[in-house]
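Only a predicted model underlies this, so the values are computations on that prediction, with no experimental measurement involved. All ligand and atom numbering here is 1-based and tracks the order in the structure.
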Amino acid sequence: MIEILNPTLLSRARDTGALVADILQTLKSRSTVGTSLLDIDRWTKTMIAEAGALSCYVDYEPSFGRGPFGHYICTAVNDAVLHGRPYDYTLADGDLLTLDLAVSKGGVAADAAISFIVGDTKPPESVAMISATERALAAGIAAAGPGVRVGDISHAIGTVLSEAGYPINTEFGGHGIGSTMHQDPHVPNTGRPGRGYKLRPGLLLALEPWVMADTARLVTDADGWTLRSATGCRTAHSEHTIAITDDGAEILTLPKQARP
Ligand code: MG
C-alpha cells in the first residue's frame, strides 16, 4: 500500500520526525566509552514515553526476525549493520555505532538512522564509510521530488556508494512510511533511472543507504535479529524520513541545529 498524506497528517509527520531526530541526537551525546547498549535502549524507552509517542520496534515481528524485537532502538556496532538488537555490550574507543530509530506519534511514523564513532580514536576507514552513506543519502534526497521515479533516487544513492568503492546489497533498503513504519514503495540502494513508482506530493519515504566495507553479504547473528557483515568488516548506515512536496522534498528528521 502507498499512502499519500493530507496536510494535517503531514504536519503530524513533521512533529514525529523532529522527535526521532532529537532522541537520536540526545543518544549520540550520551553514547561514550563505557556506555552499554542496554542503557541506550532504556533511555530511548523513557524518551519515547515522555513524548507520548509509541515505539515501532518493541512489538515488531516481521518475517525476517525471530519473535518480537523486544527493544526500543536498533544499536549496531562495527560489523553489525541492520536490526541491531541491544545487548549487554559496553562501547569502546573507536567503535562505529549506528542508532536506528522509528517511532509513531499522532498516527504517523518517522524513521532515521545515524552512524558515528565512539570516543577519540577515529579510524579513517570508518570515517570514510560514514561519509559515503551520508553523501549517498544527500544525493538521494536531492534527486527526490514530484514526478521523479523511485529508480532515480536509487540510482543517485547507488552512484555515490559505488564511486566510493562499496559493494551494494539490495535485500534491504529504503521504504515508504506513514501510518506504519514499513510501506511501499521499496527504495533499493541502487537502481536504474526512469524506472519504478512515480513520486507524488504527500508521500513519505525513508531513504537509508548502508554499506559494508568489503562485502554485500549479510549473516544473521545468533540473536535472530542482528544482521552483520559476512566478513566481519565494519559497516555504516544513514537514514532520513522525507516528504515529497510540490517542488522537491522536505527532510523531516533533521537534527534541531539543522532545522530551518
Ligand atoms: Mg528504515
Treating D93 as the side-chain partner and D120 as the backbone partner, does any N or O pair qualify as donor plus acceptor under 3.5 Å? yes

Nearest to the Mg ion (ligand 1), which N, O or S atom of D111 do we find? OD2

Does any N, O or S atom of D100, backbone or side chain, fall under 2.8 Å from the Mg ion (ligand 1)? no

Atom name of the N, O or S atom in E239 that lies nearest to the Mg ion (ligand 1): OE2

Nearest to the Mg ion (ligand 1), which N, O or S atom of E208 do we find? OE2

Side chain to side chain contact (heavy atoms under 4.5 Å, CB included) between I23 and T26: does it pass, once the steps are laid out? CA-CA 5 Å; I23 292 175; T26 300; 5.7 Å; no

Side chain to side chain contact (heavy atoms under 4.5 Å, CB included) for D100 and H237? Distances and angles first, verdict last. CA-CA 9 Å; D100 188 348; H237 179 196; 3.2 Å; yes

Short check: any N/O/S atom of H182 below 2.8 Å from the Mg ion (ligand 1)? no

Rounded to the nearest 0.5 angstrom, the CG-CD1 distance for D184 and I177 is 13.0 Å

Would you kindly check if the NZ (Lys) or CZ (Arg) of R66 is within the cone defined by 45 degrees around the ring axis of W225 and under 6.0 Å from the six-membered ring centre? no

